[in-house]
Structure formats: C-alpha cells, structure tokens
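Shown next, in structure tokens, is the structure this report addresses.
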Amino acid sequence: MATRALVLGGGGVAGIAWELGLLSGWAAEGVDVTSADLIVGTSAGSVVGAQLRLSGDLQGLYERQLLPPVGELKVEFDGVSAMAAFAEAMKGNTGEQDARARLGALALTVDAVPEAQRRAIIEGRIGDPEWPIARLIITAVDTADGEFLPFDASSGVRLLDAVTASCAVPGVWPPVTVNGRRLMDGGMRSVTNADLAAGCEKVLVVTPTRGMPGGLLGPGLDREIEILEKEAEVHVVTADEAALAAFGSNVLDPATREPSARAGRAQAAATLEAARAFWG
C-alpha cells in the first residue's frame, strides 16, 4: 500500500474549526484520514494534527467546536495589517532565513500574554500528553536566527511545547521558550511546510489558505507541490468562499469556531468524492 501523508496548514482558531469540520465530514462518509502514515502540522494544523493522533474521534472533535469556547482568549488581529507589519520587518533581508529572523526580532518586541497563559490555552485543546507512536511532525521557527525546526517524537521536546510554539503568531502571541530557545509560528516558513512529506507516495494537503508566495520566508505551497510531485501524487483542498466568509477578518477570534466548523462540514460534501478517489 502506498505511504500516505496528511499535511495540515495554518489558519488560526477559524482554521482549526474548518479543518475539523471538513475532516469529520469526510470521516462520516468513510474517508478517514487519521490512517495517514505521516501527519505534518503547522500552526492551526499542529493542533489538529495532534488531536487526530491523540484522539482520532473526528466527530467528537467537530462537535466540541460547536460549543461555546472555554479557556480561549480573544485577541485583536487583522491579517492585512499583520502582513504589512511583516513586510516592513523583512525589509533588507538577505534571504529566506534572514527574513524569518527579522520576523523573530519583531516577535520578541511585542507585548503579549505570559507564555504560561498561552501554554495553558493550548493545553486546553490537546492536554499535555506524550508524543503519539504514529508519525507526527510539528513545525516551528527560531526567533533568533530564523532556523526552521521540525519537531517529532525523537526531538526531546514536549508535544505541548512544540504545538504552542507552532501557534505563536508573531506580534500576537509570545514566542515559546524551548530548551533555551525562543520559538515562533512554523507558518513563518510556510503555511503548510508540505515538503516535509517528501518520500511519501500520496500527499493530501488540507489548508485554509495557500499562504504567502514562495521565496519570501520559505518555499511556499506551489514550490512544495513541485518538489513532492517528482515522486508523489498530491491533492490540495483549501477553504471555499463560504468558509472564508465564516472566518471573517479575525481568524484568531474564538467566536469564529462554530461558523467555521459548520462551513468545513458543508464543504466536505462538495469535496468528498475527490478525496475518496485520492485517498483510497
């Protein structure tokens, strides 16, 4: 049987809900992606990837998104303004890693909630478990030098710390201290980091958006697909117009959870047969 990878992209609280809505809708019709040989999770996708590996109960995870959020914190976030701030911070960079380091410097200057409070929010989503036996990669970036850090069970890092770091959006959430390093969102290299699935024969990419163009911070999804398609079949699913409308202007607002989850569940019907044909 072909080795299969599931790649889950970033997209905030709304993205988590949309991914769970979509994947649970597929599972209800017999397309269960929790059987993936490898899951790669970035930012929102790190939460969903961990939840899939730890629970596998997609229907239960979806239904949880429909409940009033408990333990979550609303922050002001506007994607357009954030991109403008990122672009200003990256001016004069000498390459992708240097650009990421400049975003890391920005991340370190912004007042945010204490690390412990942010870690507690993520713990409310996934707990503080050991790494699962099945392969899971969680991505982060070092704020000091822009180094890209894919974590797995062999990395010597707590799963909770890896996921908290992967979700540490610069300018919004605090960088996370792991083994003396201050780490930020893995989406600061790529919204998907799908190239980590190289070597698998089928790669299913589920991401709310395609992210920024490649060459600024990392390869970008289009380049990742080029890399993967040298030896793999690749299928990409992104949020449709109804889902993007449900996300609203602040994807970090917990109030987006229910509408985004329902939008993902609705989109599952439209994408089901293509997913079934691809996943097998």
Side-chain angles (χ1 to χ4, degrees), residues 7-12 15 40-46 77-112 115 118 137-152 155-157 161-199 203 205 207-230 234 236 251-252:
V7 175
L8 299 166
V40 178
T42 293
S43 202
S46 74
F77 177 79
D78 176 73
V80 175
S81 298
M83 290 304 103
F86 290 176
E88 182 66 26
M90 289 189 292
K91 279 184 178 179
N93 73 80
T94 59
E96 294 171 359
Q97 185 167 340
D98 182 48
R100 297 195 296 265
R102 289 167 186 257
L103 288 185
L106 171 68
L108 293 170
T109 65
V110 176
D111 289 331
E115 278 189 59
R118 178 60 177 157
I137 298 177
I138 303 296
T139 66
V141 171
D142 193 324
T143 59
D145 60 6
E147 182 183 358
F148 177 56
L149 300 169
F151 294 118
D152 61 18
S155 300
V157 171
D161 286 344
V163 173
T164 306
S166 193
C167 294
V169 181
V172 179
W173 301 119
V176 177
T177 305
V178 178
N179 297 336
R181 308 173 82 173
R182 303 295 306 285
L183 308 183
M184 64 179 177
D185 197 321
M188 295 305 101
R189 177 190 182 252
S190 162
V191 74
T192 55
N193 295 297
D195 53 325
L196 293 177
V203 182
V205 181
T207 180
T209 72
R210 298 182 74 89
M212 289 186 284
L216 297 174
L217 297 167
L221 181 56
D222 289 340
R223 175 60 181 148
E224 290 165 355
I225 292 172
E226 285 182 20
I227 294 168
L228 292 169
E229 285 185 334
K230 292 176 180 177
V234 183
V236 180
V251 296
L252 301 183

Pairwise distance [atom1]([X]) to [atom2]([Y]) - rounded to 0.5 angstrom:
X	Y	atom1	atom2	result
Leu216	Met188	CG	CE	11.5 Å
Leu221	Ser190	CG	OG	6.5 Å
Met184	Thr143	CE	OG1	6.5 Å

Among Thr164, Val110, Leu252, side chain to side chain contact (heavy atoms under 4.5 Å, CB included) partner for Trp173: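 That would be Leu252.
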Got a sec, which residues hit side chain to side chain donor-acceptor pair (under 3.5 Å) with Thr42, two or more places apart in sequence or on another chain? Thr139, Asn193
For [X] versus [Y], what's the shortest heavy-atom pair and its separation?
X	Y	value
Val141	Asp185	CG2-O, 3.8 Å
Ile138	Ser166	CG2-CB, 3.8 Å
Val251	Gly11	CB-O, 3.5 Å
Ala197	Leu228	C-CD2, 3.7 Å
Gly10	Pro208	O-CD, 3.5 Å
Ser46	Cys167	OG-SG, 3.6 Å

So Glu115 and Arg118, salt bridge (charged side-chain N to carboxylate O under 4.0 Å, His left out) or not? Walk me through it. CA-CA 5 Å; Glu115 278 189 59; Arg118 178 60 177 157; over 6 Å; no
Could you work out, with salt bridge (charged side-chain N to carboxylate O under 4.0 Å, His left out) as the rule, every residue matching [X], not counting sequence neighbours?
X	value
Arg100	none
Glu229	none
Arg210	Asp222

Side-chain (Ser43) to main-chain (Gly45) donor-acceptor, under 3.5 angstrom: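 Checking the backbone N and O of Gly45 against the side chain of Ser43, no donor-acceptor pair under 3.5 Å is found.
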Do side-chain atoms of Arg181 reach the backbone of Asp142 as a donor and acceptor pair under 3.5 angstrom? no
Exercise answer: donor-acceptor pairs, residues 101-108 side-chain atoms, under 3.5 Å, sequence neighbours excluded:
residue: Arg102; atom: NE; partner: Asp98; partner atom: OD2; Å: 2.9
residue: Arg102; atom: NH1; partner: Lys91; partner atom: O; Å: 2.8
residue: Arg102; atom: NH2; partner: Gly92; partner atom: O; Å: 3.2
residue: Arg102; atom: NH2; partner: Asp98; partner atom: OD2; Å: 3.4

Sorted by first residue and then second, give each salt bridge (charged side-chain N to carboxylate O under 4.0 Å, His left out) pair with at least one member in residues 167-179; sequence neighbours left out. none
